[in-house]
Amino acid sequence: MTQIANIYCDESRYSNNQDSYLVIGAVKCLREDKADIVSDIERLKARHGISGEIGWKTVSKSKADFYMEIVDWFANSNRIVFRCVMANKRNLWSRDDEDAFYVVYHQLLSHWMASDNIYRIYLDRKKNSRNGRIPTLKQKVMRDVPETATIACAEEVESRECVPVQIADLLIGAVGYAQNGHADPTKFPNASPFKSELCSHIAKLLGRSRINQPTVQCERKFNVFLFGE
C-alpha cells in the first residue's frame with residue numbers, strides 16, 4: 001500500500017569552525033499525521049508557557065521541564081521518526097560547503113525511502129545558499145532511491161512556521177552537541193550543563209550509552225549514521 005510521507009530537514013554545526021563534525025538530519029512522518037504532531041507540540045508549549053520557535057538554541061535550564069517533556073513525547077510517539085548523518089568535515093571530498101550539502105543530504109535521504117511510497121521533502125531555508133540547490137538535490141537523490149519511490153516535492157520552508165523542522169533542529173542539535181564533545185565538561189567547561197543532561201536523557205530513553213552512538217542501518221526510531229570515517 002502506497003504511503004505519503006513528509007520529511008523535514010535541518011543542519012547543525014555546518015559553519016561552526018570549532019567543530020569537526022556537521023550533522024544533517026530530519027524527522028519523518030506520514031502526511032496524515034502531521035496535524036496531530038503539530039497539535040501535540042502546541043499543547044506542550046501552552047502547558048509550559050512557551051511561545052515562539054523551539055529548537056536547540058533555545059534549550060536552557062529555565063525551560064528544562066518543557067524540553068524534557070518534548071523528548072519524552074518524541075520517544076513515546078509512534079507517529080514520528082528521526083535520522084541523521086554525522087560527517088567529519090575534513091573527509092567530505094567536497095569542493096566547498098555547498099558541495100558538502102549535496103554529499104551529506106544524499107546520504108541522509110537516499111537510504112531512507114521505500115519502494116512505492118511518495119515523499120514530500122521540506123528543508124529549513126538558509127540564507128546565502130546557492131540558487132537552484134533544492135532542484136539539484138532532488139535530482140541527485142532520485143538517482144539512488146528505489147525505482148518505484150517518488151519525490152512529489154522538495155522545497156524550502158521557514159523554520160519559524162514549521163514545527164516538524166523545529167523538532168528536527170532540536171534533535172540534530174543534541175546529536176551535534178555530543179558528537180563534537182560539548183557534553184564533556186573537561187573539553188568545554190563553559191558548556192551548558194542542562195544541554196548535556198538533555199543529551200544523556202535522550203540516550204537513556206533510546207536505551208543507548210550516548211545519543212551520538214551510530215546505529216545499524218535498519219534502526220527505525222532514531223537512526224544515526226557516521227559518514228566519512
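Note: hydrogens, waters and symmetry copies are ignored here, and every other heavy atom, side chains too, is used.
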Thinking salt bridges, do [X] and [Y] make one under a 4.0 Å N-O criterion?
{"X": "Asp169", "Y": "Lys57", "answer": "no"}
{"X": "Glu53", "Y": "Arg160", "answer": "no"}
{"X": "Lys45", "Y": "Glu69", "answer": "no"}

Measure across [X] and [Y] and return the closest heavy-atom pair with its distance rounded to 0.1 Å.
{"X": "Tyr102", "Y": "Leu137", "answer": "CE2-N, 3.8 Å"}
{"X": "Gly176", "Y": "Val23", "answer": "CA-CG2, 3.6 Å"}
{"X": "Arg79", "Y": "Cys29", "answer": "O-CB, 3.2 Å"}
{"X": "Ile134", "Y": "Ala154", "answer": "CG2-O, 3.0 Å"}
{"X": "Glu155", "Y": "Cys153", "answer": "OE1-SG, 4.0 Å"}
{"X": "Ala174", "Y": "Cys199", "answer": "O-SG, 3.5 Å"}

> Of Val157, Leu123, Ile167, Val38, which meets side chain to side chain contact (heavy atoms under 4.5 Å, CB included) against Cys162?
Replying inline: Val157
Check whether more than 12 heavy atoms from other residues, nucleotides or ligands sit under 6.0 Å from atom [atom1] of [X], and answer yes or no.
{"X": "Lys34", "atom1": "NZ", "value": "no"}
{"X": "Glu158", "atom1": "CD", "value": "yes"}
{"X": "Glu161", "atom1": "CD", "value": "yes"}

Heavy-atom side-chain contact between [X] and [Y] under 4.5 Å:
{"X": "Gln213", "Y": "Val224", "result": "no"}
{"X": "Phe188", "Y": "Asn180", "result": "no"}
{"X": "Glu197", "Y": "Ser200", "result": "no"}
{"X": "Ile41", "Y": "Trp73", "result": "yes"}
{"X": "Tyr21", "Y": "Lys89", "result": "no"}
{"X": "Thr215", "Y": "Arg208", "result": "yes"}
{"X": "Tyr177", "Y": "Ser192", "result": "yes"}
{"X": "Cys9", "Y": "Leu109", "result": "yes"}

Working to the nearest 0.5 Å, report the span between [atom1] of [X] and [atom2] of [Y].
{"X": "His201", "Y": "Ile211", "atom1": "NE2", "atom2": "CD1", "result": "10.5 Å"}
{"X": "Tyr67", "Y": "Leu198", "atom1": "OH", "atom2": "CG", "result": "9.5 Å"}
{"X": "Arg83", "Y": "Leu171", "atom1": "CZ", "atom2": "CG", "result": "14.5 Å"}
{"X": "Ile80", "Y": "Phe74", "atom1": "CD1", "atom2": "CZ", "result": "6.0 Å"}
{"X": "Cys84", "Y": "Leu226", "atom1": "SG", "atom2": "CG", "result": "10.0 Å"}
{"X": "Asp19", "Y": "Ser12", "atom1": "CG", "atom2": "OG", "result": "8.0 Å"}

For [Y], does its backbone N or O pair with a side-chain atom of [X] as donor and acceptor, under 3.5 Å?
{"X": "Glu11", "Y": "Gly25", "value": "no"}
{"X": "Asp144", "Y": "Ser110", "value": "no"}
{"X": "Lys195", "Y": "Trp56", "value": "yes"}
{"X": "Asn76", "Y": "Asp72", "value": "yes"}
{"X": "Thr58", "Y": "Ile54", "value": "no"}
{"X": "Lys221", "Y": "Ser77", "value": "yes"}
{"X": "Tyr122", "Y": "Pro164", "value": "no"}

> Do Tyr8 and Asn6 pass the side chain to side chain donor-acceptor pair (under 3.5 Å) test, and can you show the C-alpha distance, the side-chain angles, and the key distance before you say yes or no?
Replying inline: CA-CA 7 Å; Tyr8 300 92; Asn6 291 359; 2.8 Å; yes
>> Can a side-chain donor-acceptor contact be found between Asp116 and Thr148 if the only test is distance below 3.5 angstrom?
In response: yes
> Please walk me through it: do Phe225 and Met86 pass side chain to side chain contact (heavy atoms under 4.5 Å, CB included)?
Replying inline: CA-CA 6 Å; Phe225 177 50; Met86 309 181 298; over 6 Å; no
Going hydrophobic residue to hydrophobic residue with side-chain gaps under 4.5 angstrom, can you get from [X] over to [Y]?
{"X": "Met142", "Y": "Ile118", "answer": "no"}
{"X": "Leu30", "Y": "Ile7", "answer": "no"}
{"X": "Val103", "Y": "Ile24", "answer": "yes"}

> Between Asn117 and Thr150, is a side chain to side chain contact (heavy atoms under 4.5 Å, CB included) present by the stated rule, with each step listed?
Replying inline: CA-CA 6 Å; Asn117 287 347; Thr150 301; over 6 Å; no
> Is the His111 ring parallel, tilted or perpendicular to the His106 ring (thresholds 30°, 60°)?
Replying inline: perpendicular
> Leu205 and Val71: side chain to side chain contact (heavy atoms under 4.5 Å, CB included), yes or no, with the steps?
Replying inline: CA-CA 9 Å; Leu205 289 170; Val71 298; 4.1 Å; yes
> For Ser20 and Arg90, what are the C-alpha separation, side-chain angles and deciding distance, and is it a side chain to side chain contact (heavy atoms under 4.5 Å, CB included)?
Replying inline: CA-CA 8 Å; Ser20 298; Arg90 295 187 301 270; 3.7 Å; yes
